[in-house]
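See structure below.
Reminder, nothing fancy here: chain letters follow the sequence lines and each chain counts from 1.
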2 protein chains.
Amino acid sequence: MNGLKNFHYTHPHPAVTTDVVLFSIREARLELPLVRRTGQPFAGMWGLPGGFVGIDEDLESCALRELEHETGITGVYLEQLHTSGRPDRDPRERAISVAYCALTPADRLQIKTMNGEKEVGWFALERLPPMAFDHAEIVTMAHQRLVAKLDYSTIAFQFMPETFTLGELQTVYEIILREPLDKRNFRKRVLALDRIAATGELRRNGNHRPARLYRLKFPDKVEIIK
Amino acid sequence: MNGLKNFHYTHPHPAVTTDVVLFSIREARLELPLVRRTGQPFAGMWGLPGGFVGIDEDLESCALRELEHETGITGVYLEQLHTSGRPDRDPRERAISVAYCALTPADRLQIKTMNGEKEVGWFALERLPPMAFDHAEIVTMAHQRLVAKLDYSTIAFQFMPETFTLGELQTVYEIILREPLDKRNFRKRVLALDRIAATGELRRNGNHRPARLYRLKFPDKVEIIK
DNA sequence: AGACTTAGTGTATTCCTTACACTATGAATG
DNA sequence: CATTCATAGTGTAAGGAATACACTAAGTCT
């Protein structure tokens, strides 16, 4: 805390923050974590996880640090989304927010929720609460980006756990696109990408034929396709 | 100038700048304007037009203002590109740059070059000089974005003057893509977009049949296509 | 009048996308 | 142990989109 120090500039500098829209697929919905704000402004309201950029801190590091600090979530896929700088977006002082879009498989969550002092809530994209600042706009932008990237990149693979079935992968696409897909065409297309490989293992769940398990060939890479 | 004033904060704030990569097609090349730096750091080197964001100034306004101030160019198409914030990118102080990608037809230029004190130079994308800060990286990103957007948006139309021929439009595409296109297929595709309309006028230049002139139906709109 | 230069036009083929229905396999049930 | 149940897994035909390709049109220049 620098509460007692002062920093001087010959011209005024804006505050810079990062904010993260972290998507995950939970309970067959596209959901994201929001943090209950404790201080002013917008105290008590929900907002994106984020905070001020350290003076020697990279923007991505800041986004990841604040995400971990406020939600306990680490190891996500992260890409820069947009920088919002409307002069009136923060009533206290000029604040510029560099927004990031992040994706993570649902099985990486819940390891350490409620580690900070702040309340964290998961919200379905369809049922978002009123949000602080211009965070609603940022979420909209992130969603548009996600949908757009679905069909020219391998971004959806970032929702998948270590191993997964083709049925599960198809379900992820269907949830994001909000429409059913043809099973045979989906498999044909996704296998033709040559980005996933069968592990040789099977998954046995319900009273039905077991499904082959697959894994990503390049787990952390999101590629432009076609 | 605020040389005598001081601004105080309880925690350090970064400086925020905007930088603009403005593409235009000149002499059958993709070119962009750079500004000779006068002050430190990188004095004497070339850099993107840009500068500090005013404390009550929108980011886009800043980009447009600095572009006009340093190069005299106005009325361009502008879209946000990327925000660079590596802590060491400016040797003086922490500086975060919001980069914009801009496009303009060549006939809007040269109206008032050299209006400021700074030297402005146009450089072919293939023959860029050494550049200040991380501006070379920013230009690379802008170029990648432009090429990518060529085939899923109507962005290339932003290079065209009020009226133009299909041959000129095809040449623009060929310059950016660095490959020749089939004339009949190009016309079929571009007319099918239904974004340009014949004016009814003809253009007579050389010793050959005159070409029909077209204009954009929605001059300022860049749309996602297909 | 003839040569030159770019404008302007249509069709056949190939490739990709889409639509579509049945068999396979293990679990659960009685 | 036979039957039911639920999801896994597979191929082909038709339609639509992208591609390859060559000649005529019209005005200028000599």
Which residue is it: B:E70, B:E57, B:E60? I am looking for the one with a side chain to side chain donor-acceptor pair (under 3.5 Å) to B:R65. B:E57
Below 4.5 Å, heavy atoms only, C-beta onward: do A:V147 and A:H143 meet side chain to side chain? yes
Close side-chain approach of B:F123 and B:V139, heavy atoms under 4.5 Å: no
Check whether B:E223 reaches the backbone of B:S153 with its side chain - one donor and one acceptor, N or O, closer than 3.5 Å. no
May I ask you to list the residues of residues 158-195 of chain A, by number, that have any heavy atom positioned under 4.0 Å from an atom of DNA chain C? A:D182, A:R184, A:N185, A:K188
Let's see if you get this right: which residues in residues 202-211 of chain A place a heavy atom under 4.0 Å from DNA chain C? A:G206, A:N207, A:H208, A:R209, A:P210
Here the pair of heavy atoms bringing B:L81 nearest to B:I138 is CD2-O, 3.8 Å
Side chains of B:I196 and B:K217, heavy atoms from C-beta outward: is any pair under 4.5 Å? no
Does any non-hydrogen side-chain atom of B:L64 lie less than 4.5 Å from one of B:V20? no
